[in-house]
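Okay, so here's the structure we're looking at.
Computed from a predicted structure; not experimentally measured.
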Amino acid sequence: MQLGLIGLGKMGGNMRERIRRAGHTVIGYDRNPDVSDVKSLEELVEKLDAPRHIWVMVPAGTATQTVVDELGDLLQPGDTVIDGGNSRWTDDEKHAAALAIKGIGFVDAGVSGGVWGLQNGYALMVGGDKEHVERLHPIFEALKPEGPYGYVHAGRVGAGHFSKMVHNGIEYAMMQAYAEGWELLEKVHSVENVREVFRSWQEGTVIRSWLLDLAVNALDEDEHLEKLRGYAEDSGEGRWTVEAAIDNAVPLPAITASLFARFASRQDDSPQMKMIAALRNQFGGHAVEKKG
């Protein structure tokens, strides 16, 4: 199967490689000519056979809107656009409606896997009309982890990104819990080997998880996280999750508190946020702020 892929950064570049390893043809475009297969969006569209399928993997907001608008002018009826970035689900509805007028399909795909996706596969939460989703099934199969799970057609347009948003909200709360526990362990004098306490939790405990494994990785690299500043960004999806909870009158005390904790990290050098920053760097390659 052929696929156009726009955005070849940390995730997009690895996704291109994983899809190619599954035997599909991927033509990638990026503003960085060193990684791009073509020089322009026009050339990308020209090199694909109809019906074309183009996956957009660029930052949410203005960047995604610009690319979708440009594709709307370049593509033909029967083609499909897939937004695999972290767009807000309400933007998906607007994009789908605008492209539908031109006979172009739209699918939104929430993608989780970070910098580890090439090796482990990507969890995919997909929204869109059944006919558009089904024709992309070979690509989803190539990207997902091995085994029966890791891919779901979550529902109509917007369902994929809404599901990924909730996933990220849960992620906020889980990281906050590990960070709070780590700070408390570091604080008391009786616990002399906090890193190994975390390591002991990796097997046989109810709190074992991949995030815990990544926390141990971070502590192996910097045992007391002394090289990091206690500052953690939020990607926007935590805020959107809390806003959706308010709109739907659903109580989310843990997720909301974890979002506010990140805001607090911008006021001082928070020990908990050192762990949050370390975890975000471990699973997603997100930038951290070093001391000094």
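Residues Arg135 and Thr80 bring a donor and an acceptor atom of their side chains to less than 3.5 Å of each other. For His161 and Asp92, the side-chain atoms include at least one donor-acceptor pair closer than 3.5 Å. Side-chain contact annotation: Ser87 with Asp91, donor-acceptor N/O pair under 3.5 Å absent. Side chain to side chain, Glu186 and His224 meet the donor-acceptor criterion of an N or O pair below 3.5 Å. No hydrogens or angles considered: nothing links the side chains of Asn14 and Lys10 as a donor-acceptor pair under 3.5 Å.
By the salt bridge (Lys or Arg N to Asp or Glu O under 4.0 Å) test, Glu221 is found to be paired with no residue, residues two or more places apart in sequence or in another chain being considered.
Contact check for Arg18 versus Lys144: no side-chain heavy atoms found under the 4.5 Å cut-off. Side-chain atoms of Lys164 and Ser112, non-hydrogen and from C-beta on, do get closer than 4.5 Å to each other. You'll find the side chain of Asp108 stays beyond 4.5 Å of the side chain of Trp89, heavy atoms only. Looking at heavy atoms from C-beta onward, Met57 lies in side-chain contact with Leu5 at the 4.5 angstrom threshold. A heavy-atom distance below 4.5 Å is found between the side chains of His137 and Tyr151. Residues Leu99 and Val68 have side chains in contact (heavy-atom distance under 4.5 Å, counting atoms from C-beta outward). Side-chain contact check for Val45 versus Arg52: some heavy-atom pair is nearer than 4.5 Å. Looking at Trp201 and Val216, their side chains never come closer than 4.5 Å, going by heavy atoms from C-beta outward.
Tested against Ile27, the residues Ile6, Ile54, Asp37, Leu3 include a single side chain to side chain contact (heavy atoms under 4.5 Å, CB included) partner, Asp37. Residue Lys102 forms a side chain to side chain contact (heavy atoms under 4.5 Å, CB included) with just one option from Asp73, Leu71, Asp79, Leu75, and that option is Asp73. The residue from Glu70, His95, Lys94 that alone fulfils the side chain to side chain donor-acceptor pair (under 3.5 Å) condition with Gln65 is His95. Among Glu93, Glu243, Glu237, the single residue meeting the salt bridge (charged side-chain N to carboxylate O under 4.0 Å, His left out) criterion with Arg88 is Glu243.
Remark: side-chain polar atoms of Ser36 are paired, donor with acceptor, to backbone N or O of Asp30 under 3.5 angstrom. In this structure, Asn32 contributes its side chain and Asp34 its backbone to a donor-acceptor pair below 3.5 Å. A distance-only check finds a donor-acceptor pair linking the side chain of Thr241 to the backbone of Met165 [under 3.5 Å]. The backbone N or O of Val26 sits less than 3.5 Å from a side-chain atom of Arg20, completing a donor-acceptor pair. Not one N or O on the side chain of Trp182 forms a donor-acceptor pair closer than 3.5 Å with the backbone of Ala215. Judged by distance alone, the side chain of Ser258 and the main-chain N or O of Ile255 form a donor-acceptor pair under 3.5 Å. Using modelled atom types, no side-chain atom of Asp234 and backbone atom of Gly238 make a donor-acceptor pair closer than 3.5 Å. In this structure, Thr64 contributes its side chain and Pro59 its backbone to a donor-acceptor pair below 3.5 Å.
If you take CG on Leu211 and CD1 on Ile207, they are separated by 11.5 Å, rounding to the nearest 0.5 Å. The CZ atom of Phe283 sits 8.0 Å away from the CG atom of Leu214 when rounded to the nearest 0.5 Å. Put simply, CZ on Arg262 and OG on Ser270 are 11.5 Å apart, with the number rounded to the nearest 0.5 Å.
Note: the hydrophobic cluster containing Leu136 also contains Met11 (ILVMFWY, side chain heavy atoms under 4.5 Å, direct or indirect links). Using a 4.5 Å cut-off between side-chain heavy atoms of Ile, Leu, Val, Met, Phe, Trp and Tyr, with links allowed through other members, Trp55 and Leu8 fall into the same hydrophobic cluster. Val152 and Met15 fall into different hydrophobic clusters, defined by Ile, Leu, Val, Met, Phe, Trp and Tyr side-chain heavy atoms under 4.5 Å apart, directly or through other members.
Ion pair Lys39/Glu43 not flagged as a salt bridge, since none of the NZ, NE, NH1 or NH2 atoms sits closer than 4.0 Å to an Asp/Glu carboxylate oxygen. A salt bridge links Arg199 with Asp220; the closest basic N to acidic carboxylate O contact falls under 4.0 Å. A salt bridge is absent between Asp213 and Arg208; no separation between the charged side-chain nitrogens and carboxylate oxygens falls under 4.0 Å.
Relative ring orientation between Phe198 and Tyr178 is described as tilted, the plane-to-plane angle lying within the 30° to 60° band.
Atom CZ of Arg156 has 12 or fewer heavy atoms from other residues, nucleotides or ligands within 6.0 Å.
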